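One structure is given below, encoded as structure tokens.
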Amino acid sequence: MAKVIDGAALASSLRQEYAQRVSALTRRAGIRPGLAVILVGEDAASAVYVRNKVRACEAVGIRSVRLTRETSISTGELVALIESLNSDPEIHGILVQLPLPKHVDMTAVLEAISPEKDVDGFHLYNVGGLVVGKTVFSPCTPYGVCKLLESEHIPVEGQNVVVVGASNIVGKPMALMLMAKDATVAICHAKTRDLAQFTILADILVVAAGVPGLIVPQMVKTGAVVIDVGINRLSDGRIVGDVDFEGVSKKASYITPVPGGVGPMTVTMLLENTIASAERHTRQPAPVSEPA
Ligand code: L34
């Protein structure tokens with residue numbers, strides 16, 4: 001039976017550390033990290049995620065500003081809102097919750113965010129940084145997955161990693177981050193023929209496809225580490241990932257649950273990025289050691 005990786009527990013222990021980092025920053029530099037979260041429209045899942053983010057900010061002492069806008073907002077109006085946040089010295093992080101309504105030019109919106117405040121890591125500058133290994137802000141979901149692997153001391157170097165899903169939010173940055181740790185990475189997606197032929201080779205299988213029940217035990221190597229990034233709401237109200245948790249648990253060595261796995265870590269990495277942004281803003285590195 002696989003060990004279930006408790007993302008909620010790791011998230012809460014990291015948040016205790018972050019609360020101390022926030023109070024140290026306030027003591028040392030008189031700065032309180034500030035995050036602006038922009039939520040457009042009525043997407044129910046987005047509303048839940050944003051609520052979780054705002055609550056998590058409160059719990060560690062980050063000031064959060066939740067800006068909700070109607071679905072009808074134009075690209076220009078969103079860009080103007082972002083520009084005002086770019087020049088607000090009390091805001092260290094700006095996040096536009098995705099997905100945006102179809103009529104909004106997402107690329108234009110993401111490029112409007114100052115790269116120094118882009119705590120999601122979605123601006124082209126930060127995407128490029130990730131590609132060449134000079135990351136400023138790591139995208140929160142794949143960053144959270146890396147922290148989960150580290151916390152369990154799961155080696156990545158030289159391992160076969162298969163990422164299922166090639167989105168800009170999860171799949172692509174995930175592949176880059178694990179490549180940077182010297183894994184052998186394959187990315188599969190909706191057009192991949194015979195998915196099982198790839199997944200069966202994975203020592204570490206990261207699934208972010210948004211298809212409930214996509215990964216069944218026959219597709220998983222015995223002893224594999226299975227990270228389920230999917231969050232699907234079934235018609236009966238249940239929330240499940242992309243992996244047949246019951247079945248795959250019997251074959252894997254580690255598995256993440258949904259909920260309580262990657263989701264809470266996504267939120268937690270946003271806190272870390274926001275604090276790091278505020279720390280950078282002071283341009284004063286923390287003292288390496290206390291004077292005797
Ligand atoms: N800009 N858009 C932007 N940044 C992001 O990092 C996200 N993502 C994804 C969707 N859009 C985004 C999130 O915030 C997914 N995501 C996210 C955030 C929080 C949780 C899941 C996904 C989360 O809190 N999950 C809980 C359960 C939540 C529930 O009840 O539905 C969990 O335990 O998995």
Side-chain angles (χ1 to χ4, degrees), residues 4-12 14-15 35-59 64 66-69 78 81-82 85 93-101 104 106-113 115 117-124 126-127 130 137-148 165 167-174 177 206-210 212 227-234 236-243 245 255-274:
V4 178
I5 306 178
D6 188 343
L10 178 61
S12 92
L14 285 171
R15 286 177 201 182
L35 173 72
V37 182
I38 301 172
L39 174 61
V40 179
E42 311 281 319
D43 187 272
S46 292
V48 171
Y49 304 155
V50 167
R51 193 189 61 204
N52 290 352
K53 291 175 180 183
V54 168
R55 280 190 186 155
C57 283
E58 272 164 31
S64 70
R66 183 174 174 279
L67 299 155
T68 56
R69 292 295 181 271
L78 258 178
L81 174 60
I82 290 165
L85 296 165
I94 302 169
L95 175 156
V96 179
Q97 188 70 22
L98 301 177
L100 285 169
V104 173
M106 179 185 69
T107 310
V109 168
L110 296 180
E111 293 339 306
I113 299 171
K117 298 190 178 187
D118 174 36
V119 286
D120 259 334
F122 292 164
H123 187 285
L124 281 180
N126 288 321
V127 175
L130 194 61
F137 294 110
S138 299
C140 298
T141 300
Y143 191 20
V145 170
C146 288
K147 291 266 186 183
L148 283 171
S167 71
N168 291 337
I169 298 192
V170 184
K172 287 186 215 168
M174 182 84 260
M177 290 168 80
V206 181
V207 191
I227 307 291
D228 191 351
V229 186
I231 300 194
N232 308 289
R233 284 173 168 70
L234 302 185
D236 64 5
R238 275 190 310 140
I239 296 176
V240 299
D242 294 347
V243 176
F245 183 85
I255 190 166
T256 60
V258 179
V262 175
M265 290 300 294
T266 297
V267 175
T268 304
M269 294 304 99
L270 173 66
L271 306 177
E272 165 153 339
N273 282 348
T274 303

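Numbering of ligands and ligand atoms starts at 1, following listing order. Note: hydrogens, waters and symmetry copies are ignored here, and every other heavy atom, side chains too, is used. The chain is numbered in sequence order, starting from 1. Every value quoted in this text rests on a predicted model; they were computed, and no experiment measured them.
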For A56 and R15 the tightest heavy-atom approach is CB-NH1, 3.7 Å
Hey, which residues fall under 4.0 Å of ligand 1 on heavy atoms? V48, Y49, N52, K53, V96, Q97, L98, D120, F122, I231, R233, I239, P259, G260, G263, P264, T266, V267
Kindly write out the residues that satisfy salt bridge (charged side-chain N to carboxylate O under 4.0 Å, His left out) with K172, not counting sequence neighbours, or none if the list is empty. none
Taking all non-hydrogen atoms of both residues, which atom of V4 and which atom of F245 are closest, and how far apart? CG2-CZ, 3.8 Å
In chain order, what residues pass the side chain to side chain donor-acceptor pair (under 3.5 Å) check against D242, with sequence neighbours excluded? N232
Check side-chain contact (heavy atoms from CB on, under 4.5 Å) between P115 and all other residues, then give those that pass, not counting sequence neighbours. H123, Y125, N126
Taking every non-hydrogen atom, the tightest pair across L100 and Q97: CD2-O, 4.1 Å
